[in-house]
Amino acid sequence: MSVAGYHGRVLEVDLGTGEIRVVPLQAEDVLLYLGGRGLGTKLLYDRMDPKADPLGPDNVIVIATSPLIGSQAPTAARGHMVYKSPLTGYIGTSNSGGAWAYGFKATGYDALVIRGRASHPVFIDISPEKVEICDARHLWGKNTHETTDILTADSIPGNPYRALVIGPAGENLVRYAAVANEKNRVYGRCGPGAVFGSKNLKAIRVRGKERITIADEARYRAGLDQALYLMKQAPITKRLLRELGTSGLILLINLINMLPHRNFQDVEHDEEKLERVSGEYIAHNYLEKAGSCYLCPIGCQRHTAVKGNGGAVRKGEGPEYETAVMTGPVCDIYDMDAIIRANYLANELGLDTISFGGTVACAMELFERGYLTPEQTGDLELRFGRSDLLEKLVELTAYRQGIGALLAEGAYRLAQSCGHPEIAMHVKKLEMPGYDPRASYAQALGYMTSPTGACHLRGGYAVSLAFFGGTREIPRFSLLQSPIAIRNMQNTGILQDSLGICRFTGFAFSIDPWARIVSGVTGQDFSTARLEEIANRIAALERLFNLEAGLNPEEEDLLPARFAEVPIMAEGKPRAITLENQLQMRRDYYRARGWNDDGRLGDEFLRHMKIDRRKA
């Protein structure tokens with residue numbers, strides 16, 4: 001059985017043996033897991049032992065597309081990468097926009113599976129005509145921009161090369177190294193760049209013009225027209241993101257007492273200083289133009305320019321909200337020039353700026369408390385507010401030089417090595433993003449239960465539930481409503497990732513238009529109820545992978561003690577998330593998911609989900 005919207009082919013590459021083969025994409029996998037994140041998770045679970053060393057040859061990388069990629073559905077060009085994370089030791093999932101995923105699907109494949117380790121640096125070259133493992137020794141050591149320019153230099157009009165690359169951070173196995181496409185779009189969280197580096201895989205280049213078929217044009221067009229209309233009506237997708245980018249949320253998040261400060265010690269900011277890292281400030285002082293990913297009408301990209309330390313003007317992209325917050329206020333830094341320069345360099349060297357900022361903030365607190373010594377920092381006074389050190393710390397981290405060797409391990413391992421793991425603000429060893437969980441019980445629970453650790457996307461973006469969720473809004477300090485609400489938000493995110501679409505479409509509408517579009521593309525009945533069932537199945541399989549990798553829910557589905565013990569002020573009251581509250585919400589969340597009260601999965605539940613547990 002073939003399904004429209006898919007090519008029906010999975011490309012498998014073993015870098016150790018050099019074997020390249022094409023296997024059929026199973027229709028059952030498509031109907032049960034859709035594509036993108038869901039299909040990638042299924043292919044990963046079937047092909048590797050979750051206990052494998054994440055930096056060893058037995059780790060597997062899966063890059064999966066969705067049935068919507070290749071259609072004209074708005075924002076439908078996002079690829080999803082799944083692997084075992086070297087930062088957390090559990091499932092790693094990363095998502096990127098741009099046009100690389102569209103280019104990959106145009107080669108005639110739905111997914112790419114990579115295993116093994118090459119004996120020397122290589123890149124994979126993919127087209128409809130051939131697939132090759134090519135020598136990349138001449139590219140090793142080059143940054144992401146240089147590598148992209150070299151690999152795409154021979155592009156021809158109408159059929160360009162598109163490259164997915166790592167920089168020095170990935171080569172040096174920084175645990176939160178990113179993988180970049182189109183230079184500044186990144187598969188950022190969980191350290192996929194380090195997995196590439198461990199396999200001596202420098203890049204994946206694609207070029208092709210293969211097309212998909214649309215099974216039911218009328219149904220597809222009905223959903224497409226509805227989606228485009230709603231995106232043009234919603235203020236966030238129509239105006240705010242185009243005018244201010246994601247950093248346009250900074251002042252709003254501060255207004256609701258959710259903007260973290262000084263390694264999440266508080267949420268108190270000097271208002272005048274904060275203005276200087278806002279989206280409005282970026283738009284007035286640095287923005288050259290807005291930009292968009294492929295097929296995106298929103299246009300949230302920021303093409304910016306800033307003076308370098310030598311006075312020459314440098315140009316690049318960003319910073320996004322997370323970069324501005326995590327390398328800014330979380331480090332007590334409000335110098336936008338320094339933040340932008342550090343962001344440019346992080347993109348070039350291939351670092352996840354969320355984990356980088358969280359790790360630097362952790363180091364600053366450790367240093368100020370006397371737990372991290374000048375001998376360890378190379379005599380750098382690593383105090384809060386040291387904007388003059390940001391670029392240097394990016395470089396030291398990417399090359400694992402000096403204090404960078406410790407920063408490259410992430411906040412948890414850094415703090416643990418100093419004897420104070422409580423200073424690391426993480427869940428499952430993944431650094432927290434720029435939203436303080438004490439300001440929203442639902443966001444707190446999302447961090448606790450996310451399959452990848454403290455992630456506002458995989459855990460569910462609860463900010464939208466409390467402030468611009470329309471009919472879906474709930475009180476942000478509700479113990480009773482948060483478990484079901486965050487499960488629903490997570491499921492929406494799972495479906496967005498599995499359809500290859502942007503999360504920002506959720507500010508305009510939920511899943512209904514996508515159900516029409518994907519049903520029209522595939523000719524299958526992907527109703528909203530069926531999509532919900534698929535999301536629950538994907539969440540369960542991600543959980544099963546983590547449990548088999550060694551997850552201890554009792555200890556690891558929790559927040560750092562700081563959030564239970566140190567309150568912030570929000571809505572006129574001191575707010576913390578006590579351990580008792582965390583345990584109550586966690587139990588209710590497990591039950592809402594159909595899991596056991598201890599966070600594990602029963603055999604009957606797995607049978608109901610149509611999941612085959614790995615054979616021992």
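The figures that follow rest on heavy atoms only: side chains count, while hydrogens, waters and symmetry mates do not.
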Point to revise | Proximity of Tyr447 and Tyr435 rings by center, below 6.0 Å | key: no
Point to revise | Verdict with reasoning, Glu365 to Phe384, per side-chain contact (heavy atoms from CB on, under 4.5 Å) | key: CA-CA 7 Å; Glu365 183 172 350; Phe384 283 113; 3.8 Å; yes
Review point. Would you say Glu28 has more than 12 foreign heavy atoms packed within less than 6.0 Å of its CD?
Key: no
Review point. So do the side chains of Thr377 and Phe367 get within less than 4.5 Å of each other, counting heavy atoms only?
Key: yes
Check your understanding: Does Arg386 come within less than 4.0 Å of Asp332, counting only side-chain N to carboxylate O?
Key -> no
Practice item. Hey, could you give me the OH/NE2 distance between Tyr321 and His456, rounded to the nearest 0.5 Å? Key: 8.5 Å
Check your understanding: Between Gln584 and Leu480, does a side-chain contact (heavy atoms from CB on, under 4.5 Å) hold up when you go through it step by step?
Key -> CA-CA 9 Å; Gln584 176 185 333; Leu480 295 179; 4.2 Å; yes
Point to revise | Pairwise side-chain contact, Leu39 with Leu34, heavy-atom cut-off 4.5 Å (strictly under) | key: no
Review point. Is the shortest side-chain N to carboxylate O distance from Asp53 to Lys84 below 4.0 Å?
Key: no
Review point. Are any side-chain N or O atoms of Ser498 and backbone N or O atoms of Leu495, one a donor and one an acceptor, separated by less than 3.5 Å?
Key: no
Check your understanding: So, the side chain of Thr323 versus the backbone of Ile339: is there a donor-acceptor pair under 3.5 Å, distance only?
Key -> no
Review point. Would you say the side chain of Leu274 lies within less than 4.5 Å of the side chain of Pro329, judging by non-hydrogen atoms?
Key: yes
**Study point:** Heavy-atom side-chain proximity of Met48 to Asn59 below 4.5 angstrom
**Key:** yes
Point to revise | Pairwise distance CD1(Ile538) to CD(Glu533) - rounded to 0.5 angstrom | key: 11.0 Å
Practice item. Could you check if a side-chain atom of Asn596 sits within less than 4.5 angstrom of a side-chain atom of Phe605, using non-hydrogen atoms only? Key: no
Check your understanding: For atom CD1 of Ile484, is the number of surrounding heavy atoms from other residues, nucleotides or ligands below 6.0 Å larger than 12?
Key -> no
Practice item. For the pair Arg587 and Asp597, evaluate salt bridge (Lys or Arg N to Asp or Glu O under 4.0 Å) and give the outcome as yes or no after the intermediate values. Key: CA-CA 6 Å; Arg587 179 204 63 203; Asp597 280 2; 5.8 Å; no
**Study point:** salt bridge (Lys or Arg N to Asp or Glu O under 4.0 Å) assessment of Arg400 paired with Glu409
**Key:** CA-CA 9 Å; Arg400 283 187 172 267; Glu409 293 294 301; 2.8 Å; yes
Point to revise | Geometric cation-pi criterion Arg562 and Phe264, 6.0 Å radius, 45° cone | key: no
Review point. Between the side chain of His269 and the main-chain N/O of Leu259, is any donor-acceptor distance below 3.5 Å?
Key: yes
Review point. Between Ala111 and Leu43, what is the shortest heavy-atom contact and its length?
Key: CB-CD1, 3.7 Å
Check your understanding: So does Lys42 pair up with Asp46, basic N to acidic O under 4.0 Å?
Key -> yes
Practice item. Give a yes or no answer on whether the side chain of Arg537 reaches the backbone of Met609 with a donor-acceptor pair at less than 3.5 Å. Key: yes
Check your understanding: So, Glu322 side chain and Gly434 main chain: donor-acceptor pair closer than 3.5 Å or not?
Key -> yes
**Study point:** Thr373-Gln376 side chain donor-acceptor pair, cut-off 3.5 Å
**Key:** yes
**Study point:** Stepwise salt bridge (Lys or Arg N to Asp or Glu O under 4.0 Å) check, Arg543 with Asp557
**Key:** CA-CA 12 Å; Arg543 184 67 168 188; Asp557 285 352; 2.7 Å; yes
Exercise for review: Write down the atom of Gly89, the atom of Ala549, and the distance for their closest heavy-atom approach.
Suggested key: O-CB, 3.8 Å
Exercise for review: Inspect the surroundings of CD in Gln401 and state if more than 12 heavy atoms from other residues, nucleotides or ligands are less than 6.0 Å away.
Suggested key: yes
Study note, to complete from the structure: Heavy atoms of Ala178 and Ile166 approach each other most closely as O-CG2, 4.0 Å
Revision key, fill the gap. When every non-hydrogen atom of Ala439 is compared with those of Met258, the smallest separation belongs to CB-CG, 3.6 Å
Point to revise | Backbone of His80 reached by a side-chain donor or acceptor of Asp497 within 3.5 Å | key: no
Exercise for review: For the residue pair Tyr412 and Gln416, confirm or rule out a side-chain donor-acceptor distance under 3.5 Å.
Suggested key: yes
Practice item. Could you tell me whether the side chain of Lys199 reaches within less than 4.5 Å of the side chain of Ile61, counting heavy atoms only? Key: yes
Practice item. Keeping the roles fixed (side chain from Asn95, backbone from Arg78), state whether a donor-acceptor pair exists under 3.5 Å. Key: no
Check your understanding: CE/Met585 to CD/Gln481 distance, rounded to the nearest 0.5 angstrom?
Key -> 12.5 Å
Exercise for review: Measure the shortest side-chain to side-chain distance between Val82 and Glu542 over non-hydrogen atoms and say whether it is less than 4.5 angstrom.
Suggested key: no
**Study point:** Side chain proximity check, Leu430 to Ser355, heavy atoms < 4.5 angstrom
**Key:** yes
Review point. Would Thr327 and Asn343 satisfy side-chain contact (heavy atoms from CB on, under 4.5 Å), going step by step from the backbone distance to the final call?
Key: CA-CA 9 Å; Thr327 62; Asn343 175 62; over 6 Å; no
Exercise for review: Decide side-chain contact (heavy atoms from CB on, under 4.5 Å) for Thr353 and Met326; before the verdict, give the C-alpha distance in whole Å, the side-chain angles of both, and the deciding distance to 0.1 Å.
Suggested key: CA-CA 7 Å; Thr353 52; Met326 296 305 295; over 6 Å; no
**Study point:** Distance (rounded to the nearest 0.5 Å) between Leu544 CG and Tyr45 OH
**Key:** 4.0 Å
Practice item. State whether Asp49 and Lys51 are salt-bridged, where the test is any N-O pair (Lys NZ or Arg NE/NH1/NH2 against Asp/Glu carboxylate O) under 4.0 Å. Key: no
Point to revise | Between Arg458 and Thr93, a side-chain donor and acceptor under 3.5 Å | key: yes
**Study point:** Contacts of Arg530 that satisfy side-chain hydrogen bond (donor to acceptor under 3.5 Å, both in side chains) - sequence neighbours left out
**Key:** none
Revision key, fill the gap. OG1 (Thr88) and CG (Asn546) are apart, to the nearest 0.5 Å, by 7.0 Å
Review point. Any donor and acceptor pair, going by atom type alone, linking the side chain of Arg413 with main-chain N or O of Leu87 inside 3.5 Å?
Key: yes
Check your understanding: Is the backbone of Gly446 close enough, under 3.5 Å, to the side chain of Ser450 for a donor and an acceptor to pair up by distance?
Key -> no
**Study point:** Residues Glu268 and Arg262 bridged, charged N to O under 4.0 Å
**Key:** no
Point to revise | Lys/Arg N to Asp/Glu carboxylate O, Arg47 vs Glu12, below 4.0 Å | key: yes
Point to revise | Results of side-chain hydrogen bond (donor to acceptor under 3.5 Å, both in side chains) for Glu565 - residues two or more places apart only | key: none
Review point. Does Arg438 reach the main-chain N or O of Ile568 with its side chain, forming a donor-acceptor pair under 3.5 Å?
Key: no
Exercise for review: Might you point out which heavy atoms bring Ser94 and Arg189 nearest each other, and give the distance in Å?
Suggested key: OG-O, 2.7 Å
Exercise for review: Report the relative orientation of the aromatic rings in Tyr589 and Trp595; use parallel for angles under 30°, tilted for 30 to 60°, perpendicular for over 60°.
Suggested key: perpendicular
Check your understanding: Under 3.5 Å, is there a donor-acceptor pair between the Thr449 and Arg586 side chains?
Key -> no
Check your understanding: Would you say the side chains of Tyr90 and Glu556 form a donor-acceptor pair under 3.5 Å?
Key -> yes
Check your understanding: Does the separation of the ring centres of Tyr83 and Phe196 fall below 6.0 angstrom?
Key -> no
Study note, to complete from the structure: For Leu407 and Ala363 the tightest heavy-atom approach is CD2-CB, 3.8 Å
